[in-house]
Amino acid sequence: MPYQRRPDFLPFTRPMVGEEEIAEIIDTIHSGWITTGPKSAAFEEKLKAYNGVPHCLVMNSATTAQEITMQVLEIQPGDEVITTSLTWVSTLSTVVLQGGVPVLVDIDPVTLNIDPAKLEAAITPRTKGIIPVHLTGLPCPMDEIWRIAEKHGLWVIEDAAQAMGAHYKGTKIGGNPRSIMSVYSFHPNKNMTTGEGGAIAFFNGDYESRIKRLRFHGIDRDAWKRFAKEGSPHTEVYEPARKANFMDLQAAMGLHQIDKLDGFNARRGVLFHRYLELMKDLDEVMLPWPGDADHGHCYHLFVLRIHPEKVGLDRDAFVAALKEENIGTGIHYRPAHIHPWYRDFYAAHPAHLPKDGLPHSEWSGERLLSLPLWPGLGEADQDQVVAAIRRVIAHAKVASRIIL
Ligand SMILES: *Cc1c(COP(=O)(O)O)cnc(C)c1O
């Protein structure tokens, strides 16, 4: 069939919110209680059961959740936390906001995740912990990370923002007590959403009351009970804190999204493997690793890397050409150390980068783009994405031959 440009724009992702969520939101409004309350508590119970963790507290975003983990673990000015550059900047910013220093190590170019072989060289007497990021929904090699952390007395916090439903060696991400805490995100782009939202999962119950305080004004009682019959009208503030609570309006979505998550992820997996099959002959692009039994992918993102010298376009031009074909893509991510603030910071403090730099993070960061992937994407949409990619490559080759 001759190529035809898609008439309407195809976004790279779209949230899957159905009638159950809508009915629950309406029920929440009718109940007279729309902010933090019984539905938020019920959602926390579902998250614990799903991930196999004894404690899980929800709040307004994963970014706030990450900030609170730094506060609870009492990061002091100058304390070092090791992570990767190929992540959303909040992984680093939340360390900086608490006065800490994000120390960067390079990624494994196959997985885009932290390379455990590079970890030990980054450890100093000031290192407190490691934040591995399960980028694209592909679990990091946790056994190696935990082994090194335990050997050096460091904590591990998993950035599981993209990893709801992913599993490592048979355990859900966040469900292994060798990590002190794990953080999930329910932003609309993630595999399940509450509009905005995040959560901290953890095993040590001693953190529970502090995290509750830090998410809500420094008060650690369930505030909504103040308004119920059994509540006392008095509150006590134990420390100054932000307001980052989660609304029952959000929980109304989460209660149904989590029931649908395995179905969503199964469909994402089908589409992910279908992309691999549809593009297996294309040597102008690098296809992502789909994980294996130990590294159970939740297929959050399908990240393609292009070979600009074979395509005849750089990544930004390739993305622009796909947009002309009405195909939306995302960039996950520009390496954090390239952003102006971090560029200046590491220029002033080069000891917090590896001696040989971050060549794999930079190489991939310049070449990657995320293709449309969400459970409602149809096979015909996917065929159109791949046809547009082939067309862009073919045109770029013709154009580069003309220029030569
Ligand atoms: C989305 C994301 C975050 C931030 O999540 P929010 O809920 O939007 O604050 C942090 N880290 C990674 C890797 C993410 O993908």
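Counting starts at 1 for both ligands and their atoms, following the listed order.
Of the protein's heavy atoms, Lys190 NZ, 1.5 Å lies nearest to atom 1 (C) of ligand 1. Shortest contact from atom 11 (N) of ligand 1 to any protein heavy atom: Asp159 OD2, 2.9 Å. In terms of protein heavy-atom proximity, atom 7 (O) of ligand 1 is nearest to Ser185 OG, 2.7 Å. Nearest protein heavy-atom neighbour of atom 9 (O) of ligand 1: Thr63 OG1, 2.5 Å. With respect to atom 10 (C) of ligand 1, the closest heavy atom belonging to the protein is Ser90 OG, 3.2 Å.
Distances below 4.0 Å separate heavy atoms of Ser61 from the following atoms of ligand 1: 7 (O), 9 (O). Against a heavy-atom cut-off of under 4.0 Å, Tyr333 is close to the following atoms of ligand 1: 14 (C), 15 (O). For ligand 1, the atoms lying closer than 4.0 Å to a non-hydrogen atom of Ala62 are 4 (C), 5 (O), 6 (P), 7 (O), 9 (O). Those atoms of ligand 1 with a heavy atom of Ala161 less than 4.0 angstrom away are 2 (C), 3 (C), 10 (C), 11 (N), 12 (C), 14 (C), 15 (O). The contact set between ligand 1 and Thr87, taken as ligand atoms under 4.0 Å from a residue heavy atom, comprises 13 (C). For ligand 1, the atoms sitting less than 4.0 Å from at least one non-hydrogen atom of Val133 are 13 (C), numbered in the order shown with element in parentheses.
In summary, the side chains of Asn176 and Thr171 do not present any donor paired with an acceptor at a separation below 3.5 Å, with no hydrogens or angles considered. Side-chain contact check for Asp259 and His256: no donor-acceptor pair (N or O, by modelled atom type) lies under 3.5 Å.
Across Ile68, Leu214, Val72, a single residue satisfies side-chain contact (heavy atoms from CB on, under 4.5 Å) together with Ile200, and that is Ile68. For the ring-ring contact (aromatic ring centres under 6.0 Å, His included) criterion with Tyr299, the lone passing option out of Phe272, Phe264, Tyr275 is Phe272. Tested against Ile389, the residues Leu371, Ile327, Val311 include a single side-chain contact (heavy atoms from CB on, under 4.5 Å) partner, Leu371.
By the neighbour-count criterion of 12 heavy atoms within 6.0 Å, atom CH2 of Trp374 is densely surrounded, having more than that number from other residues, nucleotides or ligands. Atom CD of Glu309 has more than 12 neighbouring heavy atoms from other residues, nucleotides or ligands inside a 6.0 Å radius. Heavy-atom neighbours of Glu324 CD from other residues, nucleotides or ligands within 6.0 Å: at or below the threshold of 12.
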Between Arg147 and Glu144, does a salt bridge (charged side-chain N to carboxylate O under 4.0 Å, His left out) hold up when you go through it step by step?
CA-CA 5 Å; Arg147 186 184 57 76; Glu144 288 96 310; over 6 Å; no
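Atoms CG and CG, on Leu368 and Leu86 in that order, are 6.0 Å from each other to the nearest 0.5 Å.
Where the criterion is an N or O separation shorter than 3.5 Å, residue side chain and backbone included, Trp88 fails it with respect to ligand 1. Between Leu135 and ligand 1, a contact under 3.5 Å exists for no N or O pair.
Contact annotation: for His332 versus ligand 1, there are no heavy atoms closer than 4.0 Å.
At least one heavy atom of Gly197 lies less than 4.0 angstrom from ligand 1.
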